[in-house]
Undergrad: 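Dropping a structure here in structure tokens format, bear with me for questions.
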There are 2 protein chains.
Amino acid sequence: MAIPRAAKTLRRTRIQEEKEEQILEAALDVFSVSGFRGSTIDQIAEVAGMSKPNLLYYFRTKEAMHRALIDRVLFNWLEPLRAFDAEGNPESEIRSYIRRKLEMARDFPRESRLFANEMLQGAPHVLDMLKGPLKELVDEKAAVIRTWIKSGKIVRCDPYHLIFSIWSTTQHYADFDVQVRAVLGEEHSGDGRFEDAARFLEQLFIGGLRPD
Amino acid sequence: MAIPRAAKTLRRTRIQEEKEEQILEAALDVFSVSGFRGSTIDQIAEVAGMSKPNLLYYFRTKEAMHRALIDRVLFNWLEPLRAFDAEGNPESEIRSYIRRKLEMARDFPRESRLFANEMLQGAPHVLDMLKGPLKELVDEKAAVIRTWIKSGKIVRCDPYHLIFSIWSTTQHYADFDVQVRAVLGEEHSGDGRFEDAARFLEQLFIGGLRPD
DNA sequence: AGATAATTTGACCGATTGGTAAACATTACA
DNA sequence: TGTAATGTTTACCAATCGGTCAAATTATCT
């Protein structure tokens, strides 16, 4: 007999572990391209290589799938910002934040697009997280940046917009990948692209933040 | 009797002008939030205040609606880049490009999101335009930037990534508006936000591009 | 005003949507 | 090994999807 869903949270079997993993992997593929509304359970089922009712055995609704995926992805996504450290010197700290964010855009573009899709739609599923945990984390890091400004290590500027500009420039290479490829042409779309972007952005931010 | 659709291109009536306008306005509302796949003709019809078959009288398919909308919006969207001029001095030219792009993000956020949605989905409807006209335009402007570098007016850097970074930082305020609002808090989300962003970005790019 | 062309609508179509029910198959464990 | 819990599938449902059609309405022009 089919289990009451509650049992799953009590004890997880090997199969549950594997299948949920499989499903979320497929869901990431689909949701990151078409967004929540534009994605269908059938698409996810096909990518996952499972039947639709089988998906719905593990996640009761499309919403539940999406929520589980977002929850899973969120923590890692904020890791680079968390690593942003007040102790190090501003230049190397900003340099490595840019690097890390750029690496994530390169290595986890689907995750980046999943968020971008969510933002475009008005963040219906993560608004609380934005206003709560994210805001707090950013406030904290903005305070760090302000101490750098006060001690004259970087130029006086708005720390929030600084953070936004690092987010946007780096994530751009994941979210607008097609455009970047199209404009650079296929010849410049190899490994060199990443290094070129990193070099430019480090130059821009380090130069732009150097105290007068 | 219903007209053969061809007649519409021969002579446009007042009503056609108005209704097509109404429909595209509503389509922009809907497509910019949910993307092509995630949007329905019924949604657009409701926003437009017309019946679904009435929409389909003016645009035979959902695709046709979307294509007409993109075509209409594209030209204006590239205007700031076209205005980018080799004659002016780099500093004021870059400054005003940032301004213009930021103004567009503020005044036409739906248009920005329409494109962002299209990019996230792999640009299925505009890929040719990206590889053709857009690439050519960017190549042209990249050449301008290179002359600035050669004459020592700005620091040596990759002109393509410079353009990408201006695009991404400015469009961020339209595409990720929810996130920006959430992080800044509602108190900082008034008119001041725009000026703060403009000030920061000009400082960043002018400072970051100043020759050593 | 009357004829004709243009516009609008309700009723409807087959395909796809998210999701369910129940029979069937497999696994884990005593 | 038996059996109960877990996992999978087929068949299905009502709602919604993009789109059609013919009838009804409105605008245009002589």
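In this text, all values refer to a predicted model and were calculated from it rather than measured experimentally. A, B, ... follow the sequence lines: proteins, then strands. Residue 1 opens every chain.
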Undergrad: Give the rounded distance in Å between these two atoms: NZ of A:K19 and C1' of C:dT27.
TA: 12 Å
Undergrad: Write down the distance between CG (A:N54) and C1' (D:dA11), rounded to a whole number of angstrom.
TA: 16 Å
Undergrad: Can you name the side chain to side chain contact (heavy atoms under 4.5 Å, CB included) partners of A:N76, sequence neighbours left out?
TA: none
Undergrad: So does A:Y58 get a side-chain nitrogen or oxygen closer than 4.0 Å to the phosphate oxygens (OP1/OP2) of D:dT8?
TA: yes
Undergrad: Is any side-chain N or O of B:S51 closer than 4.0 Å to OP1 or OP2 of C:dT8?
TA: no
Undergrad: Can you name the side chain to side chain contact (heavy atoms under 4.5 Å, CB included) partners of B:V178, sequence neighbours left out?
TA: A:A123, A:L127
Undergrad: Applying side chain to side chain contact (heavy atoms under 4.5 Å, CB included), name anything that partners A:S51, two or more places apart in sequence or on another chain.
TA: A:P53, A:N54
Undergrad: Suppose we screen for side chain to side chain contact (heavy atoms under 4.5 Å, CB included). Which residues come up paired with B:R67, at least two apart in sequence or across chains?
TA: B:E63, B:A64, B:D71
Undergrad: Protein within reach of the bases, or only the backbone? For nucleotides 14-19 of chain C, mark each nucleotide 5' to 3' as B, S or -, using heavy atoms under 4.0 Å.
TA: ---SBB
Undergrad: Report yes if a side-chain nitrogen or oxygen of B:Q16 is closer than 4.0 Å to either non-bridging phosphate oxygen (OP1 or OP2) of C:dA6; otherwise report no.
TA: no
Undergrad: For the residue pair A:D175 and B:M119, establish whether any side-chain heavy-atom pair is separated by less than 4.5 Å.
TA: no
Undergrad: Apply salt bridge (Lys or Arg N to Asp or Glu O under 4.0 Å) to A:R193 and list each qualifying residue two or more places apart in sequence or on a separate chain.
TA: A:D177
Undergrad: In whole Å, what is the span from the CD atom of A:E18 to the C1' atom of C:dT26?
TA: 14 Å
